[in-house]
Amino acid sequence: MTVFTTRADTIYGVTFMVLAPESDYVKACTTPEQAAAVEAYIATTKKRTERERIADRRVTGVFSGSYAINPVSGTEIPVWISDYVLAGYGTGAIMAVPAHDSRDYAFAKHFGLDIIPLIEGCDVSEQSLDAKEGIMMNSGFLNGLTVKEAIAAAKKHISEKGIGRVKVNYRLRDAIFSRQRYWGEPFPVYYKEGLPYMLDESRLPLELPEVDKFLPTEKGEPPLGRAKNWYYPSPTLPKGEGESSKIDLQDISESQSPSPSGRAGEGPFPLELNTMPGFAGSSAYYLRYMDPKNDKALVSPEANGYWRNVDLYIGGTEHATGHLIYSRFWNKFLFDLGIVCEEEPFKKLINQGMIQGRSNFVYRIKDTNTFVSLNLKNQYETTQIHCDVNIVSNDVLDIEKFKAWRPEFADAQFILEYPNPTLPKGEGDTQYSKSEQSQDETISPPLEGTKGRYICGWAVEKMSKSMYNVVNPDDIVEKYGADTLRLYEMFLGPLEQSKPWDTNGIDGVHRFLKKLWSLFYKETNLLISNDASSAEELKTLHKTIKKITFDIENFSFNTSVSAFMICVNELFTLKCSKKEILEPLVILLAPFAPHIAEELYHILGNHGTVCDAAFPICNESYLVESSVKYPISFNGKVRFMLELPADMPKEEVEKTAMTNEQTIKQLAGATPKKVIVVPGKIVNIVC
RNA sequence: GCCCGGAUGGUGGAAUGGUAGACACGAAGGACUUAAAAUCCUUUGGCUUCACGGCUGUGCGGGUUCAAGUCCCGCUUCGGGUACCA
């Protein structure tokens with residue numbers, strides 16, 4: 001019997017074998033005494049679908065009556081039959097190592113089979129140790145090796161002795177590469193006697209046919225089932241011939257999809273009715289963009305050699321698993337054919353974080369149409385129901401809107417918070433925080449004035465229509481404008497982090513834009529002047545240019561927004577309304593807040609769009625400091641600051657610091673063991 | 001289980017091994033106002049001190065270093081992805 005394992009190192013821990021009920025070996029292994037039990041077991045497993053078998057984790061199985069010999073250890077082990085082993089994977093038979101596989105462990109515990117621990121110091125009295133780490137024991141020639149070493153040693157041993165062979169097993173991801181809809185590239189596939197064949201290259205491109213409606217057919221076929229001429233005349237005919245013979249698809253095949261039959265002989269043959277997903281076209285568009293007017297090839301070698309591949313791909317995680325897989329596959333395929341010059345389509349990938357939703361729940365008492373407020377729900381048996389967040393404010397439900405929301409709630413009854421809610425003592429005067437909340441069910445903040453109101457529960461979940469937690473950015477745009485929304489999304493935190501949508505704090509970025517505006521206008525009076533800038537103003541501007549340039553290169557947009565705020569705060573304090581300063585600032589801001597930047601750019605007297613303006617370049621000479629504030633630290637703890645000339649040599653800094661009276665006071669007569677001076681940074685005195 | 005991320009104030013977060021908490025929100029106090037909104041000013045990690053100041057502090061335990069949120073080793077825990085795939 002052949003088994004497949006990724007843990008050859010655990011061979012000495014094998015205490016039994018398990019066959020899938022469908023395995024061909026079942027018959028051979030079943031002894032006459034066990035025949036009735038085995039037959040009964042297989043009969044019950046047959047009734048269950050694979051989905052049920054996967055979903056139901058009850059341990060079931062039956063002993064076959066036979067024993068096998070472990071080829072490495074030479075021990076005799078019983079052969080069992082159980083549906084936790086899948087016939088479709090590996091050989092449909094496994095070597096069971098209960099000490100180090102949780103499924104085998106559950107099985108062994110249930111049927112009282114031996115469990116031999118193989119890792120030094122591990123405890124398998126409660127559960128198996130599945131992790132691939134530790135030092136081997138009870139394992140013959142593998143004893144004393146780490147798991148990693150043991151896997152390699154076991155593989156070597158098995159190959160050399162001819163007991164087994166080493167093989168890399170690939171698993172194919174389910175392609176789900178078709179859609180039952182109209183819009184999408186049609187597959188160049190026809191069916192002959194139920195089997196799919198590719199169209200001859202001369203017949204390409206295959207274009208979408210005309211249909212009367214973009215709807216499924218009455219028989220439930222995809223929309224292409226409505227096309228009149230959707231067939232392939234004959235694989236042997238060149239393009240153009242046979243096309244005129246209008247044959248209704250329905251005549252060709254009674255049932256095309258999902259299992260198109262097609263006829264034998266010379267055709268005509270039905271074409272595939274599904275179309276390709278969005279991934280298909282988008283898997284090569286970046287190549288097409290390089291040479292969009294080329295009607296001879298996907299892309300010319302010259303254009304491809306110039307543009308090569310995409311510098312940056314920003315997309316969500318769903319793209320990483322969907323689109324990118326196809327895109328990379330197509331590109332590698334085209335690379336192998338010599339059509340493209342780069343093996344990879346994208347140089348860099350960034351998965352932006354997801355803006356999650358904050359859902360609200362109402363609690364319906366079972367078998368009634370009565371809803372109970374959050375803090376009272378534990379007194380009843382309730383069902384948690386998602387409720388539209390747009391009819392909830394601060395977790396307080398608008399009951400009238402709720403009744404109007406869906407017809408079945410029109411007559412709903414409500415049990416509200418008691419006039420004097422009996423909250424646990426102390427709960428009303430502490431701030432609630434997310435960390436204190438349990439995951440799926442949360443206690444509402446004990447708001448003042450919840451008495452007599454309906455309070456909803458909440459949770460952070462993926463934003464989705466089905467959870468009624470979708471917030472519309474239009475409301476934010478309406479209230480604050482698109483620039484504020486854009487800046488705020490950046491300001492929330494690092495690009496790659498997910499976080500719940502929470503508008504607390506949006507006022508901050510909005511105030512920033514208003515403050516920027518106030519540098520240009522006092523009420524309706526334009527303040528802009530052409531005066532020369534001070535060194536301080538130039539320093540503020542140029543350190544901002546430096547920071548923004550750096551941040552853009554590093555996709556650190558949240559710190560960019562902070563830098564803009566610092567800049568505007570400083571200019572505000574300096575009362576700076578000089579064109580020489582504000583114009584570069586506005587250009588710098590344009591990628592972050594394009595609308596206001598465009599307007600301010602014009603107010604400064606420019607024509608054309610700010611997008612065409614040259615991006616400002618930092619002039620380091622404005623940033624040079626004449627003095628440095630040295631933190632003077634003792635054993636790493638900063639005690640005071642000392643301002644010294646920036647160009648003061650290291651020895652001089654040390655001398656000045658050591659003779660300073662505060663240093664003498666700190667040392668209190670002790671002699672320092674060591675003094676570290678990092679020029680321009682810090683002084684540390686070890687004592 | 002495996003893979004990938006995190007863990008820093010009341011909150012979102014900042015910090016090329018060199019002053020932890022930038023910038024914002026919130027909160028408290030004040031100015032302007034008949035009032036409110038808007039705006040402006042001040043304070044704001046914790047403990048302690050009349051004050052100067054001191055102590056403490058970046059999930060936990062070790063280590064490297066003159067110096068660690070940051071580097072190394074070992075954990076805890078949360079989130080995301082994936083899986084009865086042996």
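All values below come from the heavy atoms of this structure, side chains included, with hydrogens, waters and symmetry mates left out. Order of the sequence lines sets the chain letters (A, B, ...), proteins ahead of strands, with each chain counted from 1.
One finds no side-chain N or O of A:Arg511 lying less than 4.0 angstrom from the OP1 or OP2 phosphate oxygen of B:C40. Using a 4.0 Å cut-off, no side-chain N or O of A:Arg7 falls inside it from OP1 or OP2 of B:C2. Taking 4.0 angstrom as the limit, A:Asn554 places none of its side-chain polar atoms (N or O) nearer than this to OP1 or OP2 of B:U16.
Nearest-nucleotide positions on RNA chain B for A:Ser633 and A:Lys547 put A:Lys547 closer to the 5' end. Comparing A:Ser562 and A:Thr5 by the nucleotide of RNA chain B whose heavy atom lies nearest to each, the residue mapping closer to the 5' end is A:Ser562.
Nucleic acid contact for A:Lys637: sugar-phosphate only, since backbone atoms but no base atoms lie under 4.0 Å from a heavy atom of the residue. Across all strands, A:Lys681 comes closer than 4.0 Å to base atoms (heavy-atom distances). Counting non-hydrogen atoms under 4.0 angstrom, A:Lys514 reaches the backbone sugars and phosphates but no base. Within 4.0 Å (heavy atoms only), A:Asp104 reaches no atom of the nucleic acid at all. Nucleic acid contact for A:Gln497: sugar-phosphate only, since backbone atoms but no base atoms lie under 4.0 Å from a heavy atom of the residue. When heavy atoms are screened at a 4.0 angstrom cut-off, A:Met95 is found touching no nucleic acid atom at all. Looking at heavy-atom distances under 4.0 Å, A:Asn684 makes contact with a base. In this structure, A:Val686 reaches the sugar-phosphate backbone alone: every heavy-atom distance under 4.0 Å involves primed, P, OP1 or OP2 atoms, never a base. Counting non-hydrogen atoms under 4.0 angstrom, A:Leu492 reaches the backbone sugars and phosphates but no base. Among the protein residues, A:Phe491 comes within range of the nucleic acid bases, having at least one heavy atom under 4.0 Å from a base atom. Within the 4.0 angstrom heavy-atom criterion, base atoms lie near A:Ile676.
Following rounding to the nearest Å, A:Asn635 (CG) and B:G54 (P) show an atom-to-atom distance of 14 Å. If you take CD1 of A:Ile94 and P of B:A83, they are 20 Å apart, rounded to a whole angstrom. Residue A:Asp101 contributes atom CG, which lies 17 Å from atom P of B:A83 at whole-angstrom precision. The nearest whole Å value for the distance from the CZ atom in A:Phe634 to the C1' atom in B:G54 is 15 Å. Atom CD1 of A:Ile682 is separated from atom C1' of B:G18 by 4 Å (rounded to the nearest Å). One can place CZ of A:Phe550 at 13 Å from C1' of B:A14, the figure rounded to the nearest angstrom. With rounding to whole Å, A:Glu496 atom CD is found 16 Å from B:G13 atom C1'. Distance, A:Asp502 CG to B:C25 P: 14 Å, rounded to whole Å.
Only the P atoms considered, B:G63 is 25 Å distant from B:G9, to the nearest whole Å. To the nearest whole angstrom, the two P atoms, one in B:A51 and one in B:U44, are 13 Å apart. For the P atoms, the distance from B:G45 to B:U11 is 14 Å, rounded to whole Å. Taking atom P on both B:C78 and B:A86, the two are 26 Å apart, rounded to the nearest angstrom. Annotation: B:C2 and B:G26 have their C1' atoms spaced 42 Å apart (nearest Å). On the P atoms, B:A31 is 46 Å away from B:A68, given to the nearest whole Å. Spacing of P atoms, B:U16 relative to B:A7, comes out at 14 Å, to the nearest Å. B:C71 and B:G81 have their C1' atoms separated by 29 Å, with the value rounded to a whole Å.
Taking only side-chain atoms of A:Arg103, from C-beta outward, the nucleotide of B:C40, B:C23, B:A86 with the closest atom is B:A86. Here the side chain of A:Arg639 is nearest to one of B:A24, B:C55, B:A14, namely B:C55. In the set B:A86, B:U19, B:C25, B:U19 carries the atom at the smallest distance from any side-chain atom of A:Met641.
Applying the 6.0 Å contact sphere to NZ of A:Lys543 captures more than 12 heavy atoms from other residues, nucleotides or ligands. Within 6.0 Å of NZ in A:Lys109 there are more than 12 heavy atoms belonging to other residues, nucleotides or ligands. In this structure, A:Phe640 places its CZ atom where more than 12 heavy-atom neighbours from other residues, nucleotides or ligands lie under 6.0 Å away.
Side-chain contact, A:Thr559 with A:Ser556: a donor N or O sits under 3.5 Å from an acceptor N or O.
Here the options are A:Glu620, A:Glu625, A:Glu570, the test is salt bridge (charged side-chain N to carboxylate O under 4.0 Å, His left out), and the partner is A:Lys539; only A:Glu625 passes.
Checked against the 6.0 Å centroid criterion, the rings of A:Phe107 and A:Phe16 qualify as a close aromatic pair.
Base orientation of B:G9: syn, since the glycosidic angle falls within 90° of 0.
If you check B:G29 for Watson-Crick or wobble pairing at under 3.5 angstrom, you find it paired to B:C41. B:C2 is paired with B:G81 under the criterion used here, namely a Watson-Crick or G-U wobble arrangement in which both key atom distances are under 3.5 Å. Checking B:A7 for Watson-Crick or G-U wobble geometry (two distances, each under 3.5 Å) identifies B:U76 as its partner. Pairing of B:A20, defined by two Watson-Crick or G-U wobble distances under 3.5 Å, is not identified with any nucleotide. Nucleotide B:A51 has no partner under the Watson-Crick or G-U criteria, as no pair reaches both atom distances under 3.5 Å.
Between A:Trp501 and A:Tyr488, the angle of the ring planes goes over 60°, which puts this pair in the perpendicular group of the 30/60° scheme.
Of all heavy-atom pairs between A:Leu118 and A:Ser139, the closest is CD2-OG, 3.5 Å. Between A:Pro631 and A:Ile682, the shortest heavy-atom contact is O-CG1, 3.4 Å.
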